[in-house]
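To start, the structure itself, in structure tokens.
Since the model is a prediction, treat every value here as computed from it, not as a measurement. Hydrogens, waters and symmetry mates play no part in the numbers below; they use all other heavy atoms, side chains included.
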Amino acid sequence: MENIFRFSQESPFHLSVGAVLYNEEGLIATHYFQEFHLRGEAKYENIFLLMRETVESGESLEVAVERGLREEIGAEGKIEQFLGTIVSYFEKNGIEERIEKTTVYFLVKLSSLDLTRRLEDYEVLHSELEWHTPDSLIEKMTEQGKRYSTDRNDINEEAIVKRAKRYIKT
């Protein structure tokens, strides 16, 4: 069955979930990429991204978050707060219209981590999993947002991290 939440030539709209995963010390998990190619399109360097996962057909947002955390990070956690969305627009080879991507973010407290649970063939496995303070991550994302401001606005998730910061319990 075709995933109605994934963009296509006929439907240039995409729905993803994102997670601000934090641990007992209040540190936030992030993917760090020395070099990152978004679906073979643009090349980005020194990029920090939160967990993001495409919602599958028939899947709730909460289940998509749980699956994304398992597949991308090898983590399990408890969803604590809805943090809002980022809507971005970008070009994709082979798609006539600009793609509208909406990512719905949640704050998640880490309950377990096992890096061996990360999917082996997953694109994000080319990332290093790093843990940062909210302030450090905000600074890094602000800087990368300035470097890539004309490409995609979802490369800068600082607004989501700022929202998460007020709810993080240590």
Side-chain angles (χ1 to χ4, degrees), residues 1-21 28-69 71-73 79 81-108 119 121-130 132 134 136-167:
M1 177 165 109
E2 185 178 330
N3 183 350
I4 64 168
F5 299 115
R6 186 178 305 277
F7 67 83
S8 67
Q9 180 69 41
E10 299 77 32
S11 179
F13 311 104
H14 191 94
L15 180 63
S16 292
V17 292
V20 178
L21 177 68
I28 297 172
T30 182
H31 294 292
Y32 170 70
F33 297 90
Q34 280 188 324
E35 190 173 286
F36 184 62
H37 297 269
L38 282 172
R39 304 278 186 253
E41 303 274 326
K43 175 183 167 185
Y44 301 91
E45 295 178 342
N46 296 317
I47 294 295
F48 297 84
L49 295 174
L50 298 171
M51 185 289 295
R52 300 186 216 170
E53 184 63 43
T54 300
V55 178
E56 298 290 338
S57 294
E59 186 175 53
S60 71
L61 298 178
E62 295 88 349
V63 169
V65 168
E66 292 168 0
R67 180 177 54 78
L69 288 170
E71 292 176 357
E72 288 191 21
I73 298 175
I79 295 174
Q81 183 71 41
F82 167 62
L83 296 172
T85 64
I86 292 180
V87 178
S88 61
Y89 300 89
F90 57 93
E91 307 288 331
K92 174 80 172 151
N93 291 339
I95 306 290
E96 290 177 19
E97 292 182 59
R98 290 180 73 203
I99 295 165
E100 176 185 300
K101 178 183 177 187
T102 302
T103 305
V104 181
Y105 289 88
F106 297 90
L107 179 67
V108 181
L119 289 185
D121 62 345
Y122 222 62
E123 183 178 80
V124 295
L125 286 181
H126 302 269
S127 72
E128 296 175 36
L129 182 62
E130 294 188 358
H132 293 273
S136 170
L137 195 52
I138 289 166
E139 183 180 311
K140 292 173 186 322
M141 289 182 167
T142 300
E143 188 276 326
Q144 75 191 25
K146 290 176 184 171
R147 279 187 285 136
Y148 298 110
S149 64
T150 59
D151 293 350
R152 291 180 61 152
N153 65 312
D154 65 342
I155 212 83
N156 180 358
E157 297 169 298
E158 71 167 296
I160 298 298
V161 177
K162 283 179 180 177
R163 292 175 193 169
K165 182 180 169 182
R166 67 179 120 166
Y167 299 107

side-chain contact (heavy atoms from CB on, under 4.5 Å) between Q144 and N46, intermediate numbers included: CA-CA 8 Å; Q144 75 191 25; N46 296 317; over 6 Å; no
Derivation and outcome, side-chain contact (heavy atoms from CB on, under 4.5 Å), residues H31 and E130: CA-CA 6 Å; H31 294 292; E130 294 188 358; over 6 Å; no
Test side-chain contact (heavy atoms from CB on, under 4.5 Å) applied to Y32 and L49, step by step: CA-CA 7 Å; Y32 170 70; L49 295 174; over 6 Å; no
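Residue E97 qualifies as open at atom CD: its count of foreign heavy atoms under 6.0 Å is 12 or below. Environment of CD in E158: crowded, with over 12 heavy atoms of neighbouring residues, nucleotides or ligands closer than 6.0 Å. No more than 12 heavy atoms of other residues, nucleotides or ligands lie within 6.0 Å of CD in Q34, so this atom counts as exposed by the packing criterion.
No side-chain donor-acceptor contact under 3.5 Å links H14 and T102.
When the options K101, E100, R98 are evaluated for a side chain to side chain contact (heavy atoms under 4.5 Å, CB included) with S88, the one that passes is K101.
Shown here for A29 and L129, the closest heavy-atom pair between the two residues is CB-CD1, 4.0 Å. Considering all non-hydrogen atoms of both residues, Y105 and F82 come closest at O-CD1, 3.5 Å. Here the closest non-hydrogen pair linking S8 and E2 is OG-OE2, 4.3 Å. Here the closest non-hydrogen pair linking V55 and F5 is O-CB, 3.4 Å. Here the closest heavy-atom approach between residue I155 and residue G145 is recorded as CG2-CA, 4.4 Å. Closest approach of P134 to V161, counting heavy atoms only: O-CG1, 3.8 Å.
Every residue meeting the side-chain contact (heavy atoms from CB on, under 4.5 Å) condition with Q9, not counting sequence neighbours, appears here in chain and number order: I95, E96. Remark: E45 pairs with E35, K43, Y148 by the side-chain contact (heavy atoms from CB on, under 4.5 Å) rule, at least two apart or across chains.
Using a 4.0 Å cut-off between charged nitrogen and carboxylate oxygen, R52 and E157 count as a salt-bridge pair.
Relative orientation of the H132 and F48 rings is perpendicular, given thresholds of 30° and 60° on the angle between their planes.
With contacts defined as side-chain heavy-atom distances shorter than 4.5 Å, the pair V17/T103 does not qualify. Under the 4.5 Å side-chain criterion, counting only non-hydrogen atoms from C-beta, M51 is in contact with L69. Between L137 and L50 there is a side-chain heavy-atom pair separated by less than 4.5 Å.
Atom CZ of R147 and atom CD of E143 lie 4.0 Å apart (nearest 0.5 Å).
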